[in-house]
Number of protein chains: 2
Amino acid sequence: MEKALYLNEFDATLQIIQGKWKVLILYEIHESGCRRFGDLKQYIQDVSHKTLTRQLRELEQDGLLSRKVYPEVPPKVEYSLTERGRSLIPVLDLICDWGLQNVPKTQLQRVLCEED
Amino acid sequence: MEKALYLNEFDATLQIIQGKWKVLILYEIHESGCRRFGDLKQYIQDVSHKTLTRQLRELEQDGLLSRKVYPEVPPKVEYSLTERGRSLIPVLDLICDWGLQNVPKTQLQRVLCEED
DNA sequence: CGGTATCCATAGCGATACTG
DNA sequence: CAGTATCGCTATGGATACCG
């Protein structure tokens, strides 16, 4: 696997959190502590099987998630946040805040961080 | 022009700040107060003429930049941050911070927010 | 249940050339 | 000097089918 080359530190962070469903995944795991593949699939609904797999792989490779496989039949896989993953949550929160304050809710399909 | 529809407030913010050169543009204008098209082109170097134009248009349409055209020959156009644009700077700063702390500098082509 | 492989549609950006 | 138009490349993600 090649080392990624980023334009700058902003670009680096962005490439790591960027991905259609990644924030949903991170928040859901953060709130529940630990989730299985099927849980995430059901929670997000609109994500395809293959895409969810790839987003999870990328989050794992970037060191935000840890993946635990139970050697059972049928398979069981659990995802949880790493320390680095947890350190990202405040950043995501700020991004969400700004979005809520600057974009009309009518343009949002879903609201992640309701706060009145 | 259609209203954008975003997955959520995070996605909304991301779509607005996302774009290969947008942060460079925003920071440069923020630090200098005001920049012309040619200044930005020269500062960023690697950006193509057309792409710079489009990124500026999008930033303008999203209300982060204001564009002032001087009716002269040759043309003169100045870009500056709007109030909303300025409100975004702390968010960008936090994103940069996280990137600096979590990605080796050897993987960065350029560093935006040097801070020791 | 969770993962992989193949194929395809779409969006973002770049190269280039042309305009007022 | 600043902007527009056309074309092409590449990356992301979705549909589908198959595997352990």
Side-chain angles (χ1 to χ4, degrees), chain A residues 1-2 4-8 10-12 14-25 28-29 34-62 65-80 109, chain B residues 1-2 4-8 10-12 14-25 28-29 34-62 65-80 109:
Chain A
M1 214 184 82
E2 319 175 7
L5 226 207
Y6 304 110
L7 289 176
N8 49 60
F10 178 88
D11 181 50
L14 237 72
Q15 290 204 33
I16 290 172
I17 60 177
Q18 196 178 73
K20 196 164 174 181
W21 310 105
K22 285 189 183 173
V23 186
L24 236 50
I25 296 170
E28 175 63 6
I29 298 180
C34 181
R35 293 267 93 167
R36 296 181 58 176
F37 183 91
D39 298 333
L40 293 168
K41 179 93 177 65
Q42 191 175 14
Y43 170 67
I44 304 182
Q45 299 271 2
D46 293 332
V47 72
S48 77
H49 192 101
K50 172 197 165 186
T51 299
L52 179 55
T53 304
R54 222 196 21 233
Q55 306 251 319
L56 288 168
R57 274 312 150 280
E58 291 175 8
L59 289 170
E60 188 192 358
Q61 282 169 14
D62 286 326
L65 289 187
S66 75
R67 179 168 175 268
K68 182 168 186 185
V69 181
Y70 295 83
E72 309 172 354
V73 179
K76 175 179 170 183
V77 180
E78 282 182 347
Y79 295 92
S80 54
Q109 290 177 23
Chain B
M1 214 185 82
E2 321 174 6
L5 226 207
Y6 305 109
L7 289 176
N8 49 61
F10 177 89
D11 180 51
L14 238 75
Q15 290 205 31
I16 290 172
I17 61 177
Q18 195 176 77
K20 194 164 174 182
W21 310 106
K22 285 190 182 172
V23 186
L24 237 49
I25 296 170
E28 175 63 5
I29 297 181
C34 181
R35 293 269 93 168
R36 296 182 57 177
F37 183 92
D39 298 332
L40 294 168
K41 179 91 176 67
Q42 193 176 12
Y43 170 67
I44 303 182
Q45 299 272 2
D46 293 331
V47 71
S48 77
H49 193 101
K50 173 196 164 184
T51 300
L52 179 55
T53 304
R54 222 193 21 228
Q55 307 250 318
L56 288 169
R57 278 308 153 279
E58 291 175 8
L59 289 169
E60 190 193 355
Q61 284 169 15
D62 287 327
L65 289 186
S66 74
R67 181 170 175 266
K68 181 169 184 184
V69 181
Y70 295 83
E72 307 171 356
V73 178
K76 176 179 170 185
V77 181
E78 283 182 348
Y79 295 92
S80 54
Q109 290 178 21

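By convention in this document, chain letters (A, B, ...) are assigned in the order of the sequence lines, proteins followed by strands, and residues within each chain are numbered from 1.
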Check: Nucleotide range of DNA chain C contacted by chain B, 5' to 3', under 4.0 Å to a heavy atom?
Finding: C:dC13 to C:dG20
Margin query: Once hydrogens and angles are ignored, does a donor-acceptor distance under 3.5 Å link the base of D:dT6 to the side chain of B:K50?
Written below: yes
Next item on the list: Kindly say whether, by distance alone, the side chain of B:H49 makes a donor-acceptor pair under 3.5 Å with the base of D:dG3?
Entry: yes
What integer distance in Å separates [X]:[atom1] from [N]:[atom2]?
X	N	atom1	atom2	result
B:Q15	D:dG13	CD	C1'	14 Å
A:K41	D:dG14	NZ	C1'	11 Å
B:L56	D:dG3	CG	P	7 Å
B:R36	D:dA2	CZ	C1'	9 Å
A:I25	D:dG13	CD1	P	10 Å

Check: Does CD belonging to B:E72 count more than 12 external heavy atoms closer than 6.0 Å?
Finding: yes
Margin query: Can you tell me which nucleotide in D:dG3, D:dA5, D:dG14 comes closest to the side chain of A:W21?
Written below: D:dG14
Under 3.5 Å, which donor-acceptor pairs link side chains of residues 46-56 of chain A to any protein atom two or more places apart or in another chain?
residue: A:S48; atom: OG; partner: A:T51; partner atom: N; Å: 3.2
residue: A:S48; atom: OG; partner: A:T51; partner atom: OG1; Å: 2.8
residue: A:T53; atom: OG1; partner: A:H49; partner atom: O; Å: 3.0
residue: A:Q55; atom: OE1; partner: A:W21; partner atom: N; Å: 3.1
residue: A:Q55; atom: OE1; partner: A:K22; partner atom: N; Å: 3.3

Notebook entry, point to check: Got a sec, which residues hit side-chain contact (heavy atoms from CB on, under 4.5 Å) with A:Q45, two or more places apart in sequence or on another chain?
Noted result: none
Note to self: If you assign A:P74 and B:Q18 each to the DNA chain C nucleotide with the nearest heavy atom, which residue ends up on the more 5' nucleotide?
What the structure shows: A:P74
Item checked: Separation between CD1 of B:I25 and NZ of B:K20, rounded to the nearest 0.5 Å -> 12.5 Å
Check: Using a cut-off of less than 4.0 Å, is there contact between a side-chain N or O of B:R67 and OP1 or OP2 of D:dG3?
Finding: yes
